[in-house]
Amino acid sequence: MALLCLKKTKAGTCQPWLGLKLKACLLLATSLVLCTGQLKAQEIKAFKIGERLPETFWQQEHSILKNGKTTTSNFKQLKGKPFLLDFWATWCSACLKGFPKMQDLQNRYSKNLNILMVNTYEKDTLPVLEQFYQKQQQAIKSFSLSLVASDAALKNMFAVKSIPHYIWVGADGRIKAITDAEAVTELQVKRFIAGLSLNLKLKER
Amino acid sequence: MANMQFNYFGKMPIVLTCALFVLGLLFTAQTSAQTKFSIKGRVTDLDGKRITVSIRSSAGMAVPDADGAFEIKLLKLSDTIWFSAVGYQRIYRLVKNENELLNVKMTEAIKELNEVVVETGYQTAKPNEINGTVAVIDEKMLNERSGTNILDRLIGQSSGLLLNVGKSNGNPQNTTNLSVRGLGTINGPLDPLIVLDGFIYEGNIANINPNDIENVSILKDAAAASIWGARAGNGVIVLTSKKGKLNQPLQLSVNVNYVWQELPNIGLLNQMDNNDYINVERQLFDEGYFNNIITQTPYAALTPVVELLSALKNGQINQATADRQLGLLAQGNTRQSYLDHFYTNALTQQYSMNVRGGGAKNSYLFSAAYDRAKDETYGMNNKVNFHFANDFKLIRNLELSTNIYYTNAVNKSGRPAYNTQTVGNRYPAYLNFADPSGLARSYRSAYTDTVAKGKFLDWKYYPTEEYKHSYSKTQNQEFFANVGLKYQLMEGLNLQLSYQYQKQDLNTDNVSDEESYAARNLVNTYSQYNTSTGVVKYIVPRGGIMKQNFQTVSSQTARAQFNFNKLIGVHSVNAILGAEQRGADTRASAFSRYGYVADPLNYGLVDVLNSYPQYLTGNFGELGGDGALSSTRYRFVSFYSNLAYTYKGRYILSASVRRDGSNIFGANTNDKWKPLWSAGLGWKIADEPFYDIPWLPVLRLSVNYGQSGNVDMSRTALPVVSYATQAVTQLPFTRIRTINNPDLRWEQLSQVNVKLDFELATQRLNGSFAYYIKHGTDLYGNAPFDYTKWGSRSELVVNVADMKGRGFDLDLHSRNLSGKNWSWNTDLYVSYNLSKTQKYYNITGAGLYGLISGGDMISPVEGWPLYAIAAYKWGGLDANGNPQGYLNGELSTNYNAMAAEAATTGANLQYMGNASPLYFGSFINTVKWKNLSLSINVNYKLGYQVRKPAISYDQLINYGVGHIDFANRWQKAGDELKTNIPSFSYPNIANRDAFFYNAAINTMSGSHLRLDYIKLSYGLSTAQWKFPFRELTLFTAVQNAGILWRSNPYGYDPDYARVIPPTRQFTFGLRASF
């Protein structure tokens, strides 16, 4: 299911809304055993730094918006170059704040780096995204980031719980870092491209 | 189910979270009727600026206004309020009182992980971005062992690093007894080079406060060490101190600990039984051993037993008295007397604190430490350390860093240590130091009591009084400072200018006051008694003796270095280029004062030129001037460069060059400079696209070769002469001590290193395996010298010897188990090293004979390990209790002929083994449960031989040193079937004794496992603790906890078989930060 209980707060990131949470927990409270059992069953095995992405990652088809065109494709073409997966949603202001920075990085390091803006929010349908893309083209000069419209499978694969969320994948197909937006700095991106180790704090959820 | 997030609970277990909610809801139900409380406060960042924070309580949430002020409702008191903000650490606050005004300051969350960095002294690098092999010991590992010396804390925390226990070396430049990857020299200095904050540290290592050090990098292979050039042959230990960080809030850390040590176990020295001991003295007396002493030097001291026997013989006492007195003596116990009067529980107290922090433009650290130690013989060591470090961003592109250390250490000697109290140069086993009549140390009391009709000073020695009147006190003051300027020339390129200055003053006072035996003895020795007038004339004025030594060591280094660091797409380049000049000066002086009185401070004058008769012996002696002055000066110039190029992070190519010049070498131009280089290649195999071994996600290979040098600072190419004044003629003269040696150059050590880094099953098990071959060439060694040309020696030390060593280091780190509340980690270090002599000239002949007394010292014999033991083949005892060896392959007791055979063919000798551990390392297990952490370190040393303590009849007869084996000696026919201890006979046959002492049965395997420490600590952090601590850790440890297993069947601690083994130390301490 989608990020149901996420709502924008003043802090800028997407935090849970307390009321909903309490209500949900009332449900949980009815049976502690059930509660733990359920959550455990739901826990998705998160990737560790250094793990290689599974074959399903490369094969899954997604709609990709780039330069005003929408194509359907998988991620196989990304192999051999480092890339950044940026999980976002249209309602997430902190995510949108990061767009110019990502565009700038993409412009400067286009030769050695791919950046994919991944949206898995179910209400951000393809028409919504296409409209969003046009808006971005007006807002950001020569906007050319690839927007990936995907389903929850991709989000679940990386156990994304809050956004923005960045997955750094090396040229060898291994996860080099999982971070928040602050860790995406020019120095780290340069190190990432040069294949050097990133020792960034793991964003766990 | 909704996909939920429990953000503000952090890592709390889900069950607990849910349980809390249940409780919370129950509570809500009960209290919903009650009025809500409300609390006010202000929340900001550390600088008082407003940040976006979400604030929550059980009743809801709140958002602070523009000034950071907030108000939040509560359902009950007391309650917890949570503060969370992106990029900041979460804070929990317990509120008990509604009127309380909450003032909360949020601390920034750590963005980058604290990661291991390698400090080479010239640059900082990440371990996987260099090709050299470097062991990094971080602060946490340094805290595992307690001790006031930083080097003690390195033991067992790395592979390849060995503390060579029990090895002795005549070279005064060896002070640490540490070796990195075995040996690289034969006669040169053995200590690794010690570097502090990027500069060679020439001071006393004990001066460094271990709590000041954040990172210790041990540069093990030549590729890593060669940047240190001509002095890096023994490896380099780089110490890097703590610093403040920019934009870091003020942080105060405190460390307090106490180390209490058990009494030494002198009983382990396996001494002889008292009755046996007295019987030996009686036998020696009866056989006339003491006759010469008694008749020729009637004043010379005799042991109490011999005094009694002598008195009995002279009819001064009767048999019954003698027997009674001897019976009393047999009850004495020298060892117990040492323990009762001279030994105590050593206690070390360490206090240290540091304050650090930083703003936008500067960072600072101030630390202070006070160590107070009472050693096992009441010796006092007090040390005060200060450290100031300040870094400034002066203007854009320009940074200034400063570092100042100050140390003041005062050591005062305590009471006499074991084996210092003698009677007439013998070590009786039955002494009682508290005996009010004193001890006849050098002279018989019968003689000293009556000498000069009693007009001389009391000439007796009182062991329990002497240490009160005679002591030595050393004061060591050190100042070490460095300053650096770093200017950013362009992106990726900066120029660094740095300068270091160090000065260490060492003052030693050896004071023996008027009442001390040392002073009384000297005064009496030269006193002249006029038998007719009864007047005593003092040549040495009455009073004490004070001898003072002053030594000043100063060093300075100036360095200019370009640092280039650039990432260009998939390429990264990291290079340095620099030049350095270094000087070190030592000046020393000494003098003595006689007739010294402390209060009123005064001293007397003595005639140091003329000779005077010594009262007892009649010999003439002079007091002599001891005001020796010395001054040494070393100058070094170096040029160096280091380059690392990485492609796609997968391939690393590295190279370094360095050229060293010095004033002590090379009168011949070719030998003046030493060029050294290294090169390496690294390959991250697992990063290749084709690589697909899922269970081995990290695999990295590096191969390198490098050269480094070693330098014996006491050698020089020029002749060494000493100037003096001839006593009789009073004319100055010079004497050439070492003839000129124009070809003398640096020793060279080359090393090949192949290393594999790996990680198994993502983050579960990682480690590295490195194999190396060391080759020392141009080593100092003796060579025959044609003395008809010049000089008068037939041998000269030149660069002729070679050695070869090989070995491996294996490091394994495993996370065996990890759960929510607990974890179990294991660290295993395995090292193997074997160093052999390849080329050496021995004037006395080569072969196993050269290793016969080996073990403790390097004995260079071509083809054999540098530390090795050979022994006579053992043929058991014959029917008369004589030890048998082999001569021409037959059993023999012809000791002279056997010694001759051993020295020539060596056929009757047997190689026993390496005398330094072939395998060594440590095995550390750490179990954590919630806040508790338990770590256990087991050290091991395997595959080596040590000499077993054995009875030496020569020692027993001439020095009165016995051994428990005496009781098991051959005494009657048939005993040869039961024992290997030869019969006791007088007079002693020296070669028989030497044969037995050096026979194969008197060596044993040294292999053992030792429980190095068990440490238990309990840590609390802010989140759980409402005290102002950021962190609080309480710990207790047992260090040196004992031997778990030893392969020798005799119960000896193989590292300390012939000395008092160190006892258990118990540590209690706390570390806190605010």
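Numbered from 1 within each chain, the chains take letters A, B, ... in sequence-line order.
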Nearest atoms (heavy-atom pairs only) where [X] meets [Y]:
X      : Y      : answer
A/N112 : B/G569 : ND2-CA, 3.5 Å
B/L567 : A/R191 : CD1-N, 3.7 Å
B/A686 : A/R174 : O-NH1, 2.7 Å

Enclosure of [X] [atom1] (heavy-atom neighbours >12, cutoff 6.0 Å):
X      : atom1 : answer
B/K73  : NZ    : no
A/Q59  : CD    : yes
B/Y645 : OH    : yes
A/Q131 : CD    : no
A/K135 : NZ    : no

Any residue meeting ring-ring contact (aromatic ring centres under 6.0 Å, His included) with B/F758, in chain and number order, not counting sequence neighbours |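 Here no residue qualifies.
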Which region of A/K190, side chain (C-beta onward) or backbone (N, CA, C, O), has a non-hydrogen atom less than 4.5 Å from a non-hydrogen atom of chain B, or is it both or neither?
->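 Backbone plus side chain of A/K190, per the 4.5 Å heavy-atom cut-off to chain B.
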Check each atom of B/Y691 against the heavy atoms of chain A and say whether the ones under 4.5 Å are side chain, backbone, both or neither.
->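 For B/Y691, backbone and side chain are both near chain A.
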A/K81: partners by side-chain contact (heavy atoms from CB on, under 4.5 Å), with sequence neighbours left out =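 For A/K81, the residues satisfying side-chain contact (heavy atoms from CB on, under 4.5 Å) (neighbours in sequence not counted) are A/N114.
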Test item: [X] and [Y] side chains (from C-beta on) under 4.5 Å apart, heavy atoms:
X      : Y      : result
B/E129 : A/S197 : yes
A/D172 : B/P689 : no
B/N128 : A/L196 : no

B/D692/A/R52 under salt bridge (Lys or Arg N to Asp or Glu O under 4.0 Å): CA gap, chis, key distance, verdict = CA-CA 9 Å; B/D692 194 21; A/R52 184 159 277 193; 3.7 Å; yes
When only pairs under 4.5 Å are counted, which of A/G173, A/A194, A/P82, A/A171 shares the most heavy-atom pairs with chain B?
->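 That would be A/A194.
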